[in-house]
Amino acid sequence: MTYEEQVKLFEQYKELVTPPERKEKELLPPLPNAVEGRVVTRFAPNPDFVIHLGNARPAILSHEYARKYKGRFILRFEDTDPRTKTPIKEVYDLIKEDLKWLDIRWDEEYIQSLRMEVFYEIAKELIKKNGAYVDTCELEESKKLIKEGIGCPTRENPVSWQLEHFEKMIEGYYGEGEAVLRVKTDLKHPDISVRDWVAFRIIDTGKHLHPLVGDKYVAWPTYNFAVSVDDHLMGITHILRGKEHTQNATKQMFLFNHMGWKYPTAIHFGRVHFEGFIMSKSKIRELISKEPNRFWGYEDPRFGTLRGLRRRGILPQAIKQLILEVGIKGTDTRITYTNLAAINRKILDEKAHRIMFVYEPQEYTIVTDVPLESKVPIHPSSEKTRVYTIKPRDKICINKSDSNSKVVRLLGLGNFMVEGDKLRYIGSDISIVKEHRVPIIQWVPCTQNVNVSVYRPSGLDLLVQKGYSELGILDYKVDDKLQFIRYGFVRVDQITDNEIKVVFAHE
RNA sequence: GCCGCGGUAGUAUAGCUCGGCCAAGUAUGCGGGCCUUUCGAGCCCGUGACCCGGGUUCAAAUCCCGGCCGCGGCACCA
């Protein structure tokens with residue numbers, strides 16, 4: 001049948017065909033294998049650094065899905081490496097603050113370093129199931145044997161031997177590198193890192209004190225072991241994490257199979273590149289320790305940490321919306337600040353009060369016969385205004401770049417002719433402004449104003465722009481977000497006796 | 001090198017499971033206009049994409065094969 005014939009036929013029987021409804025678009029796609037009321041997700045950060053935009057993705061998505069399906073959301077600190085990823089005592093709380101700021105509430109909270117006995121017990125069970133062995137070969141020898149598909153000869157020792165030697169590991173009989181517990185996997189697995197992966201290793205906590213448990217333990221579970229055990233014990237049904245973990249799922253599966261556990265549904269999404277922002281933990285740590293005077297710690301607005309973004313005036317709702325839009329795709333995403341700013345602006349515009357701010361002041365004398373009263377609304381949709389009285393011969397400042405026009409309208413005050421260093425009042429009829437496209441500009445009295453410094457992050461630099469704002473800015477407090485008219489959105493950062501410091505958010 | 005995942009406008013995302021409602025939707029960006037006592041917001045118009053090549057089919061962004069490109073992993077890190 002040709003296409004034309006089909007169309008003809010279709011027209012004939014049109015009424016009999018009900019077109020399928022277009023699926024309704026939800027912000028989040030449905031979660032595979034999800035049953036309402038039974039979804040359990042978790043966010044599992046290492047408390048060695050605060051949350052940045054990249055970590056916010058698993059945090060927000062895990063939380064959001066748990067809520068969507070009326071399930072549970074668990075916060076779990078994964079702090080089982082006091083040697084190379086040393087947890088920081090203060091950071092446990094900083095992370096919790098970051099999450100609360102994002103409006104993420106967790107139903108349960110765990111810290112892995114406080115669960116060591118659990119890990120030891122499960123390890124022993126695993127050994128009894130012949131699923132693990134103590135490897136006492138030299139590290140290089142071990143690696144070589146695994147590569148050859150054989151493994152350390154102790155692999156074949158009886159369970160009793162394994163239990164005995166694992167006990168010795170826990171008791172501190174071995175020093176660093178002298179013994180590890182390995183999970184028995186496929187010694188022919190194409191990915192060598194999957195072959196008999198390490199479940200426990202010795203860390204000399206006398207040298208590398210753990211911030212919570214000090215030197216109490218020397219046999220520490222690796223990430224893959226601790227994650228597997230906890231994901232099972234805590235009843236996690238869905239794991240949402242970055243794709244750097246895809247291979248870990250393969251490794252963990254062996255442990256789950258040994259133990260007869262069911263592996264959760266795992267979703268791995270791509271990496272988040274935040275253009276123009278530093279997100280690397282090590283890089284940020286290096287910068288703040290090397291140049292403590294130049295950077296404001298974790299909160300520096302030049303960093304992609306949540307704290308940095310907060311200090312810039314980015315709202316948590318904007319971050320959440322951005323992450324939900326990005327979703328759970330496996331591809332990497334390049335997020336730009338412009339994108340985040342667009343969302344932020346939309347939210348901020350409705351509530352940020354307006355303030356007049358002049359940064360390249362040009363002084364003018366007002367020429368008028370009678371005193372003028374200006375009324376500028378604190379927000380375009382607000383009845384509330386700020387009132388200033390301008391008397392004849394008062395001096396006001398406008399931006400130099402605004403002074404090119406022959407006629408200007410000073411916002412809230414009226415229309416003026418520009419005559420040399422004088423501004424002659426010519427009435428306040430708005431219609432001539434529309435008719436002649438007269439620029440409507442912001443202004444401040446030269447004598448009565450407030451010193452303002454605007455901090456503008458620009459790559460690794462922090463530019464400072466000084467200027468004056470109307471007195472109305474004194475009504476606000478630290479962390480308030482304002483819109484400087486015809487300039488951009490800012491966040492009040494610091495108020496001192498002679499100056500207000502604000503951080504520039506975006507236009 | 002080996003193993004795995006993925007490629008829709010500048011960016012992000014929808015559609016791909018079940019081929020035709022897709023001459024590809026949405027947001028942002030960019031250009032223009034309207035409105036407006038802010039160059040903001042809002043409204044309107046425009047701009048711009050299915051990685052490439054084969055195959056299957058009346059019909060392919062969607063299925064199959066090959067190539068190319070990108071990303072992740074290859075630790076006694078998480």
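Because the structure is a prediction, the values reported are computed rather than measured.
In this structure, of G73(B), U38(B), C3(B), it is G73(B) that holds the atom nearest to the side chain of R271(A). Nearest to the side-chain atoms of N339(A) among the listed nucleotides U37(B), A78(B), U11(B) stands U11(B). Among the nucleotides U13(B), C77(B), G29(B), the one closest to the side chain of T331(A) is U13(B). Residue A342(A) has its side chain nearest to U28(B) when only U13(B), U28(B), U37(B) are considered. Side-chain proximity of I192(A) to the nucleotides C74(B), A78(B), C76(B) is greatest for C74(B).
The stretch residues 313-332 of chain A participates, sequence neighbours left out, in no ring-ring contact (aromatic ring centres under 6.0 Å, His included) pair at all. Here ring-ring contact (aromatic ring centres under 6.0 Å, His included) pairs that include residues 313-336 of chain A, with residues two or more places apart or in two chains, number zero. Residue pairs satisfying the ring-ring contact (aromatic ring centres under 6.0 Å, His included) criterion with at least one member in residues 185-204 of chain A, sequence neighbours excluded, are listed as follows: Y120(A)-F200(A), F166(A)-F200(A), F200(A)-F225(A).
Side-chain nitrogen and oxygen atoms of R76(A) include none within less than 4.0 Å of the OP1 or OP2 phosphate oxygen of A78(B). The side chain of R83(A) places an N or O atom within less than 4.0 Å of a non-bridging phosphate oxygen (OP1 or OP2) of C77(B). Distances shorter than 4.0 Å separate none of the side-chain N or O atoms of K346(A) from OP1 or OP2 on A41(B). Between R334(A) and the phosphate of G10(B), there is no side-chain N or O to OP1/OP2 separation shorter than 4.0 Å.
Positionally, the nearest nucleotide of RNA chain B for P190(A) lies more toward the 5' end than for the other of P190(A) and I202(A). Toward the 5′ end of RNA chain B lies the nearest nucleotide of D402(A), the other residue of the pair D402(A) and V180(A) mapping further downstream.
Annotation: C21(B) and A14(B) have their C1' atoms spaced 15 Å apart (nearest Å). Taking atom C1' on both A24(B) and U13(B), the two are 13 Å apart, rounded to the nearest angstrom. Nucleotides G19(B) and A61(B) have their C1' atoms positioned 10 Å apart, rounded to a whole Å. Using P as the reference atom, C16(B) and U8(B) are 16 Å apart when rounded to the nearest Å.
With a cut-off of 3.5 Å on both pairing distances, the Watson-Crick and G-U wobble pairs of RNA chain B assemble into stems of 3 or more at B:1-7 with B:68-74, B:10-13 with B:25-28, B:29-34 with B:42-47, B:51-55 with B:63-67.
Residue contacts shown for L139(A) include a base, since a base heavy atom lies under 4.0 Å away. G330(A) comes within 4.0 angstrom of nothing in the nucleic acid, heavy atoms only. Using a 4.0 Å heavy-atom cutoff across all strands shown, G327(A) reaches no nucleic acid atom at all. T80(A) comes within 4.0 angstrom of sugar-phosphate atoms only, judged by non-hydrogen atoms across all strands, and of no base. Nucleic acid contact class of D349(A) (heavy atoms, under 4.0 Å, all strands): base. Using a 4.0 Å heavy-atom distance criterion, V326(A) is classed as a sugar-phosphate-only contact. Among the atoms of the strands shown, none is found under 4.0 Å from any heavy atom of D204(A). Within 4.0 Å (heavy atoms only), E78(A) reaches sugar-phosphate atoms of the nucleic acid but no base atom. Using a 4.0 Å heavy-atom distance criterion, R354(A) is classed as a base contact.
Counting to the nearest Å, the C1' atom of C77(B) and the OH atom of Y223(A) are 10 Å from each other. As rounded to whole Å, 11 Å separates atom C1' of U11(B) from atom CG of L322(A). Going from atom CG of L411(A) over to atom C1' of U37(B) covers 6 Å, rounded to whole Å. Taking atom NZ on K329(A) and atom P on G7(B), their separation rounds to 6 Å, with Å as the unit. Computed from coordinates, the K434(A) NZ to C34(B) C1' distance equals 12 Å when rounded to whole Å. Here the P atom of nucleotide G40(B) and the CD atom of Q442(A) are 13 Å apart, to the nearest Å. Atoms NZ (K320(A)) and P (A12(B)) sit 23 Å apart, rounded to a whole Å. Rounded to a whole Å, the CD1 atom of I347(A) is 14 Å from the C1' atom of U28(B).
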Side chains of residues 169-176 of chain A: which donor-acceptor pairs under 3.5 Å do they make with residues two or more places apart or in other chains?
{"from": "Y174(A)", "atom 1": "OH", "to": "H165(A)", "atom 2": "ND1", "distance (Å)": "3.1"}
{"from": "E176(A)", "atom 1": "OE1", "to": "R83(A)", "atom 2": "NH1", "distance (Å)": "3.0"}
{"from": "E176(A)", "atom 1": "OE2", "to": "R83(A)", "atom 2": "NH1", "distance (Å)": "3.4"}
{"from": "E176(A)", "atom 1": "OE2", "to": "D204(A)", "atom 2": "N", "distance (Å)": "2.7"}

Would you mind writing out the side-chain donor-acceptor pairs for residues 140-147 of chain A within the sub-3.5 Å range, not counting sequence neighbours?
{"from": "S142(A)", "atom 1": "OG", "to": "D135(A)", "atom 2": "OD1", "distance (Å)": "3.1"}
{"from": "S142(A)", "atom 1": "OG", "to": "D135(A)", "atom 2": "OD2", "distance (Å)": "2.4"}

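Using modelled atom types, one finds a donor on one side chain and an acceptor on the other under 3.5 Å when comparing H353(A) with Y476(A).
Contacts of R345(A) classified as salt bridge (Lys or Arg N to Asp or Glu O under 4.0 Å), with partners at least two apart in sequence or in another chain: none. Under the side-chain contact (heavy atoms from CB on, under 4.5 Å) criterion, T336(A) pairs with E275(A), T338(A), N339(A), not counting sequence neighbours. Applying the side chain to side chain donor-acceptor pair (under 3.5 Å) criterion to H208(A), with sequence neighbours excluded, gives no partner residue.
The cationic atom of R312(A) (NZ for Lys, CZ for Arg) lies less than 6.0 Å from the six-membered ring centre of Y337(A) and within 45° of the ring axis.
Listed by residue number, P380(A) are the residues of residues 380-388 of chain A with a heavy-atom contact under 4.0 Å to RNA chain B. Of the residues in residues 245-256 of chain A, H245(A), Q247(A), N248(A) come within less than 4.0 Å of RNA chain B through at least one heavy atom, sorted by number. Contacts of residues 44-61 of chain A with RNA chain B (heavy atom under 4.0 Å): N46(A).
Without hydrogens or angle criteria, T41(A) side chain to S62(A) main chain gives a donor-acceptor distance under 3.5 Å.
Salt bridge status for K251(A) with D191(A): absent, with no side-chain N to carboxylate O gap under 4.0 Å. The pair D349(A)-R354(A) counts as a salt bridge, with a side-chain nitrogen and a carboxylate oxygen less than 4.0 angstrom apart.
For the pair Y65(A) and I328(A), the minimum side-chain heavy-atom distance is below 4.5 Å. By the 4.5 Å heavy-atom criterion applied to side chains, F254(A) and D186(A) are counted as neighbours.
A distance of 7.0 Å separates CG in N46(A) from CG in D79(A), rounded to the nearest 0.5 Å.
No hydrogens or angles were tested; on distance alone, nothing pairs the side chain of E275(A) with the base of U11(B) as donor and acceptor under 3.5 Å.
Using cut-offs of 30° and 60° for the angle between ring planes, the Y217(A) and W220(A) rings count as perpendicular.
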